Number of protein chains: 2
Amino acid sequence: MTAGNLVQAIRDDREHGASELARQCLDGLVEYARTIQVTDAQVLKAQLIGLARQLQQARPAMAPITNLLAHWLAAFEQSSADTPEDIRNVATKAAEALIQESKGALSKAAANAVNLIGTEKTIITHSLSSTVFAVFEALAPRVRAIVTESRPPGEGRRLAEKLSALGITVEFISDQQMGIFVQNADVALVGADTIASEGSVINKAGTYLLALAARDRGIPFYACFESFKCSKLAPEAIPLEHNDPAEFDPPELPHVEAHNVYFDVTPSELVTAWVTDARVFNERATFAQLTSA
Amino acid sequence: MTAGNLVQAIRDDREHGASELARQCLDGLVEYARTIQVTDAQVLKAQLIGLARQLQQARPAMAPITNLLAHWLAAFEQSSADTPEDIRNVATKAAEALIQESKGALSKAAANAVNLIGTEKTIITHSLSSTVFAVFEALAPRVRAIVTESRPPGEGRRLAEKLSALGITVEFISDQQMGIFVQNADVALVGADTIASEGSVINKAGTYLLALAARDRGIPFYACFESFKCSKLAPEAIPLEHNDPAEFDPPELPHVEAHNVYFDVTPSELVTAWVTDARVFNERATFAQLTSA
């Protein structure tokens with residue numbers, strides 16, 4: 001895959017979550033470092049740095065991409081490697097270490113959620129989060145799930161398949177039923193694409209509605225994510241991604257404009273706990289200290 | 001149409017609102033009275049009463065059907081008509097009067113909403129309510145609309161068409177975006193299938209989520225409906241209709257059960273005003289007096 005193709009693929013991907021895409025960016029940097037035909041060390045270094053910066057800009061709403069590539073850039077720029085071979089090695093090692101760190105953080109965050117929630121509970125979730133899936137995997141089959149379709153494109157269908165394969169009992173609902181079914185749940189649990197500086201959760205559109213219903217019905221709303229997902233930006237400063245409205249086939253009519261905003265912002269007031277790889281934060285003030293650290 | 005077919009058609013209809021279906025029931029009684037081949041007056045009367053009671057039971061969640069047919073039954077049962085011809089006439093006149101009364105109530109409720117909201121506003125709505133459409137009709141084109149798809153089956157698409165034909169600017173969104181777009185609205189306005197005794201609004205699933213988002217964003221949430229829609233039952237006593245989940249094509253998988261609950265309950269605490277044909281009620285206590293009258 002060329003550098004341009006990689007950037008485009010990351011920009012166009014609507015299937016994978018932010019952490020998964022961040023790891024794909026790091027994988028892409030490894031492949032690029034291995035295959036790029038450059039003999040001058042400084043040119044090679046500049047090309048790799050340029051690609052990492054382009055990837056950061058491809059999905060500005062996704063903090064894991066910004067953050068993991070910032071770590072990669074720091075490791076890579078600080079290295080004293082000055083031959084093409086050494087540069088390729090440094091680029092590869094830094095990326096591989098960060099991929100492992102990211103996967104480890106996901107597992108730790110999921111483990112903290114598992115301890116917090118416990119077995120024999122009914123969990124309602126929205127969208128398809130690899131962190132939330134890891135929680136279900138650890139609790140299976142002693143857990144029940146309420147899964148929303150999560151249109152568009154409906155990635156809740158894939159979650160239902162994956163939970164079914166684990167033998168987990170699933171109630172599958174269309175999105176507008178979440179207000180009804182939240183009453184049957186003990187806890188609402190979602191992942192996040194990005195956590196804004198003061199703890200707002202930026203996640204698939206509809207997450208905010210689930211949080212509102214959870215509060216109104218008196219069940220806890222947990223966001224579970226790796227610390228890499230924390231942004232230093234306020235929610236207003238984070239652009240909410242749009243996709244082509246054609247994805248849900250809206251009517252084409254005079255005076256009618258269709259929208260397809262992919263993410264919404266769940267204000268921190270609606271979050272009962274932030275479950276990270278570091279620990280479970282029950283208070284926004286404590287959590288805000290972490291994100292500003 | 002035979003009596004059995006009529007009851008089945010009312011039971012299966014997922015396109016029309018409760019008031020429209022109530023009028024269809026009355027139309028059906030008129031047709032049945034005209035066409036039924038019975039020469040004995042008492043048998044004719046018993047058949048008509050039997051059909052009205054079957055129709056009431058076809059959609060127990062829809063107060064307008066219960067109420068308009070109760071009015072019809074009262075008028076019909078109290079009449080002293082004792083020839084088949086007189087009985088047919090009484091049945092027809094009572095039904096026609098109630099159809100006119102129902103349409104008049106819809107117009108008055110819509111007019112009260114028009115006065116309350118005024119021109120140059122952006123109204124967000126969910127589902128397709130003939131009362132809400134009458135409000136848009138009166139305000140067109142000096143009003144803007146945010147219309148949700150309202151799956152399943154997506155009757156918001158028909159509303160968008162109807163508003164487009166009136167020259168109204170429409171933002172069309174999939175259901176899970178309502179939390180985002182409520183911020184662009186001045187007011188949330190919905191119809192109702194039934195209003196429970198203490199003012200809860202029973203309407204298409206998703207209405208509760210819209211009301212939660214409206215409260216959280218500080219915009220008023222108005223329910224606009226004819227007094228015929230008021231039930232004497234508490235919300236817990238009103239069955240929420242289910243439809244075949246196949247309507248939204250859920251995955252068929254082991255351990256996975258799909259649901260398609262059509263209505264949700266918006267608690268009266270979330271309602272800013274109840275806009276009826278009688279007047280606008282801003283307080284639940286005053287409104288509750290009306291419904292218990």
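Here is the naming used below: chain letters follow the sequence lines, and residue numbers restart at 1 for every chain. Just so we're clear, the structure is a prediction, and the values are computed from it rather than from any experiment.
Of the listed residues (A/Pro254, A/Ala160, A/Gly167), the one with the most heavy-atom contacts under 4.5 Å to chain B is A/Gly167. Between chain A and the options B/Val147, B/Leu253, B/Leu270, the largest number of non-hydrogen pairs under 4.5 Å is found for B/Leu253. By number of non-hydrogen pairs under 4.5 angstrom with chain A, the leading residue of B/Leu163, B/Leu240, B/Ile173 is B/Ile173.
Nearest heavy-atom pair, A/Leu209 versus B/Ala213, reported as atom, atom and distance to 0.1 Å: CD2-CB, 4.2 Å. Closest approach of A/Ala205 and B/Ile180 over heavy atoms only: CB-CD1, 4.0 Å.
Interface residue A/Val265: only backbone heavy atoms are found under 4.5 Å from chain B. Both the backbone and the side chain of B/Pro152 come within less than 4.5 Å of a heavy atom in chain A.
Residues that satisfy the side chain to side chain contact (heavy atoms under 4.5 Å, CB included) test with A/Ala138, not counting sequence neighbours, are A/Val114. Under the rule for a side chain to side chain contact (heavy atoms under 4.5 Å, CB included), B/Ala165 has no partner lying at least two apart in sequence or in another chain. Under the side chain to side chain contact (heavy atoms under 4.5 Å, CB included) criterion, A/Ala140 pairs with A/Leu166, A/Ile168, not counting sequence neighbours.
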Below 3.5 angstrom, are there any donor-acceptor pairs between chain B and chain A, and if so, which atoms and how far apart?
{"unit_1": "B/Glu149", "atom_1": "OE1", "unit_2": "A/Arg151", "atom_2": "NH1", "d": "2.9"}
{"unit_1": "B/Arg151", "atom_1": "O", "unit_2": "A/Gln176", "atom_2": "NE2", "d": "3.0"}
{"unit_1": "B/Arg151", "atom_1": "NH1", "unit_2": "A/Glu149", "atom_2": "OE1", "d": "2.9"}
{"unit_1": "B/Arg157", "atom_1": "NH1", "unit_2": "A/Asp249", "atom_2": "O", "d": "2.5"}
{"unit_1": "B/Arg157", "atom_1": "NH2", "unit_2": "A/Phe248", "atom_2": "O", "d": "2.9"}
{"unit_1": "B/Arg157", "atom_1": "NH2", "unit_2": "A/Asp249", "atom_2": "O", "d": "3.1"}
{"unit_1": "B/Ser164", "atom_1": "OG", "unit_2": "A/Pro254", "atom_2": "O", "d": "2.7"}
{"unit_1": "B/Val170", "atom_1": "N", "unit_2": "A/His255", "atom_2": "O", "d": "2.8"}
{"unit_1": "B/Val170", "atom_1": "O", "unit_2": "A/Glu257", "atom_2": "N", "d": "2.8"}
{"unit_1": "B/Glu171", "atom_1": "OE2", "unit_2": "A/His259", "atom_2": "NE2", "d": "2.8"}
{"unit_1": "B/Phe172", "atom_1": "N", "unit_2": "A/Glu257", "atom_2": "O", "d": "2.8"}
{"unit_1": "B/Phe172", "atom_1": "O", "unit_2": "A/His259", "atom_2": "N", "d": "3.0"}
{"unit_1": "B/Gln176", "atom_1": "O", "unit_2": "A/Gly206", "atom_2": "N", "d": "3.2"}
{"unit_1": "B/Gln176", "atom_1": "NE2", "unit_2": "A/Arg151", "atom_2": "O", "d": "2.9"}
{"unit_1": "B/Gln177", "atom_1": "OE1", "unit_2": "A/Val261", "atom_2": "N", "d": "2.7"}
{"unit_1": "B/Gln177", "atom_1": "NE2", "unit_2": "A/His259", "atom_2": "O", "d": "2.8"}
{"unit_1": "B/Gly206", "atom_1": "N", "unit_2": "A/Gln176", "atom_2": "O", "d": "3.2"}
{"unit_1": "B/Tyr208", "atom_1": "OH", "unit_2": "A/Asp216", "atom_2": "OD2", "d": "2.7"}
{"unit_1": "B/Tyr208", "atom_1": "OH", "unit_2": "A/Arg217", "atom_2": "NE", "d": "3.1"}
{"unit_1": "B/Arg215", "atom_1": "NH2", "unit_2": "A/Asp216", "atom_2": "OD1", "d": "3.4"}
{"unit_1": "B/Asp216", "atom_1": "OD1", "unit_2": "A/Arg215", "atom_2": "NH2", "d": "3.4"}
{"unit_1": "B/Asp216", "atom_1": "OD2", "unit_2": "A/Tyr208", "atom_2": "OH", "d": "2.7"}
{"unit_1": "B/Arg217", "atom_1": "NE", "unit_2": "A/Tyr208", "atom_2": "OH", "d": "3.2"}
{"unit_1": "B/Phe248", "atom_1": "O", "unit_2": "A/Arg157", "atom_2": "NH2", "d": "2.9"}
{"unit_1": "B/Asp249", "atom_1": "O", "unit_2": "A/Arg157", "atom_2": "NH1", "d": "2.5"}
{"unit_1": "B/Asp249", "atom_1": "O", "unit_2": "A/Arg157", "atom_2": "NH2", "d": "3.1"}
{"unit_1": "B/Pro254", "atom_1": "O", "unit_2": "A/Ser164", "atom_2": "OG", "d": "2.7"}
{"unit_1": "B/His255", "atom_1": "O", "unit_2": "A/Val170", "atom_2": "N", "d": "2.8"}
{"unit_1": "B/Glu257", "atom_1": "N", "unit_2": "A/Val170", "atom_2": "O", "d": "2.8"}
{"unit_1": "B/Glu257", "atom_1": "O", "unit_2": "A/Phe172", "atom_2": "N", "d": "2.8"}
{"unit_1": "B/His259", "atom_1": "N", "unit_2": "A/Phe172", "atom_2": "O", "d": "3.0"}
{"unit_1": "B/His259", "atom_1": "O", "unit_2": "A/Gln177", "atom_2": "NE2", "d": "2.8"}
{"unit_1": "B/His259", "atom_1": "NE2", "unit_2": "A/Glu171", "atom_2": "OE1", "d": "2.8"}
{"unit_1": "B/Val261", "atom_1": "N", "unit_2": "A/Gln177", "atom_2": "OE1", "d": "2.7"}

